[in-house]
Amino acid sequence: MEAAAGLAMQSRAVGPGPGRRSGALGGAGPARAASLRVGGPAAAAPALRARAARPVAPLCCVQTSRGHQSLHNSVDEALLLKRKAEEVQFELNGRCIYLVGMMGSGKSTVGKILAEVLGYSYFDSDSLVEQAVGMPSVAQIFKVHSEAFFRDSESSVLRDLSSMHRLVVATGGGAVIRPVNWRYMKKGLSIMLDVPLDALAKRIAQVGTASRPLLDQPSADPYTAAFTKLSVLAEQRGDAYANADVRVSLEELAAKKGHDDVSQLTPTDIAVEALQKIKNFVTEHSMASGPFDDL
Ligand SMILES: Nc1ncnc2c1ncn2[C@@H]1O[C@H](COP(=O)(O)OP(=O)(O)O)[C@@H](O)[C@H]1O
Ligand SMILES: O=C(O)C1=C[C@@H](OP(=O)(O)O)[C@@H](O)[C@H](O)C1
């Protein structure tokens, strides 16, 4: 099938709430417009519209009695995030950032923060597939069509995003399994969020497995269903995730910060670490083979 949908995209507000399942696609930085053509299953896609950017969160957003998610523990942490972003911005030279990792690893949550501080636009490949196919959820696409159909559309979306600049893209957890997707993602810089399986399963159990068809087994409790299936997927996909340019291990980061558990890390901690690793990567890369100037 050939591309048929001209999708007009602009950045959309990024909210501080949970992952992307509460918001289709978001943006940060100056409002931008671009045309995205999505091939394959995107044939009947409607035009995408999004609005100009708002900040992802107040500079400092601590846990409240009403249970709002804590993005930053302190103003210091928020300022550190901003400083790290400024350090890496020039060397990134507009290169896109692709977040990869297992379901629930925080790609959307961390991706929105990175987009905000870097002045990039944020996109979620699952949401783009949903909009391209014209269905409200990945779960429905799997049910009505098939996983293969979803994967074709996912590849089309990644191909189209790969021609653009200044994007942070939260990919679906399985995007790494197709080598062609790596060809697209290697046009930018990829970051793998490496989260222990029990932490992933806990996070997913909290929100339920309904939105993640690969984990949705009605016979099991959500934690067990998620943990069992994630273990199999992690085993199958280990090598594919290792293709990422940069790996952020939550276990290593928690140990470095003196925490007993990865659940003590805030999304901002993880974003700061991701920026530091990006900085190390681009510095090494520039030293080895010249600056990133092939955009
Ligand atoms: N560092 C974190 N600590 C605790 N919960 C988190 C963290 N990052 C994300 N979450 C939560 O885990 C769930 C999955 O996160 P999400 O960003 O949607 O993951 P992904 O996009 O990789 O599937 C969401 O409910 C989100 O609020
Ligand atoms: O790991 C996977 O194969 C999938 C991950 C999901 O995205 P998230 O990683 O954002 O949950 C979504 O693309 C689809 O349900 C398949």
Side-chain angles (χ1 to χ4, degrees), residues 14-26 56-57 63 67-73 98-115 122-130 133 135 137-143 145-151 153-155 157-158 168-178 181 191-196 198-216 222 226 229-230 232-234 236-237 240-241 248 250-251 253-254 257 259 261-274:
V14 179
R20 66 173 171 277
R21 264 147 252 285
S22 62
L25 85 165
V56 64
Q63 196 86 29
H68 288 152
Q69 188 182 17
S70 165
L71 286 172
H72 314 304
N73 275 333
Y98 295 88
L99 286 151
V100 301
M102 295 286 283
M103 287 175 265
S105 57
K107 301 179 295 290
S108 320
T109 307
V110 174
K112 288 173 190 172
I113 296 173
L114 291 177
Y122 169 78
F123 287 99
D124 174 319
S125 68
D126 281 353
S127 300
L128 291 177
V129 170
E130 287 161 2
V133 174
M135 287 190 168
S137 69
V138 169
Q140 201 174 346
I141 298 171
F142 270 56
K143 197 166 159 203
H145 295 283
S146 62
E147 181 176 348
F149 178 93
F150 169 81
R151 297 284 170 215
S153 187
E154 181 173 60
S155 291
V157 160
L158 290 173
V168 173
V169 181
T171 66
V176 296
I177 60 181
R178 283 197 170 180
N181 294 345
I191 304 172
M192 189 234 172
L193 298 182
D194 191 358
V195 182
D198 66 322
L200 289 179
K202 272 185 210 147
R203 287 182 191 178
I204 288 169
Q206 258 177 6
V207 292
T209 53
S211 68
R212 294 184 167 94
L214 291 178
L215 304 179
D216 204 19
K229 182 68 184 185
L230 287 169
V232 175
L233 290 175
Q236 289 169 348
R237 294 176 179 174
Y241 286 128
V248 173
L250 267 60
E251 258 174 355
L253 181 59
K257 292 180 96 57
H259 297 323
D261 194 278
V262 299
S263 65
Q264 290 169 271
L265 293 169
T266 63
T268 303
D269 287 331
I270 298 160
V272 167
E273 180 71 359

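Counting convention: from 1, in listed order, for ligands and their atoms alike. For the numbers below, each heavy atom of this structure counts, side chains included, while hydrogens, waters and symmetry mates do not.
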Worksheet item: Which option out of D126, L193, I177, V129 puts a heavy atom nearest to atom 6 (C) of ligand 2?
Response: D126
Response to the item:
Looking at Q206, R203, Q264, the heavy atom closest to atom 5 (N) of ligand 1 belongs to R203
Report yes if the side chains of [X] and [Y] come closer than 4.5 Å at any heavy-atom pair, otherwise no.
X	Y	answer
L230	I204	yes
R151	I177	yes
I270	V248	yes
Q140	V133	no
R203	V195	yes
L128	E154	no
M103	L233	yes
H145	M135	yes

Using distance alone, determine whether [X] and ligand 2 share an N or O pair under 3.5 Å.
X	answer
S211	no
G172	no
R151	yes
K107	yes
M102	no

Which of the numbered atoms in ligand 2 are under 4.0 angstrom from any heavy atom belonging to [X]?
X	value
G174	1 (O), 2 (C), 3 (O), 4 (C)
V138	14 (C), 15 (O)
F150	13 (O)

Item to complete: Ignoring hydrogens and angles, tell me if any N or O in the side chain of K107 forms a donor-acceptor pair with the backbone of M102 under 3.5 Å.
Response: yes
Practice prompt. For the pair E147 (side chain) and F142 (backbone), establish whether a donor and an acceptor sit closer than 3.5 Å, ignoring hydrogens and angles.
Written response: no
Closer than 4.0 Å to some heavy atom of [X] - which atoms of ligand 1 meet that?
X	result
T109	9 (C), 15 (O), 16 (P), 17 (O), 26 (C)
L265	1 (N), 3 (N)
I270	1 (N)

Gap between atom [atom2] of [Y] and atom [atom1] of [X] - 0.5 Å precision:
X	Y	atom1	atom2	value
L193	E273	CG	CD	11.0 Å
K229	L200	NZ	CG	14.5 Å
I113	S108	CD1	OG	11.0 Å

For the 3.5 Å polar cut-off, considering only N or O atoms, please tell me whether [X] and ligand 1 meet it.
X	answer
G104	yes
K107	yes
V207	no

Worksheet item: Using heavy atoms and a threshold below 4.0 Å, how should the contact between L214 and ligand 2 be classified: side chain, backbone, both, or neither?
Response: side chain
Worksheet item: Are any of the heavy atoms in R237 under 4.0 Å away from ligand 2?
Response: yes
Worksheet item: Side chain, backbone, both or neither: which part of R212 comes within less than 4.0 Å of ligand 1 when only heavy atoms are counted?
Response: side chain
Worksheet entry | Mode of I204 contact toward ligand 1 - side chain, backbone, both, neither (heavy atoms, under 4.0 Å) | neither
Worksheet item: Strictly under 4.0 Å, does any heavy atom of A170 approach an atom of ligand 1?
Response: no
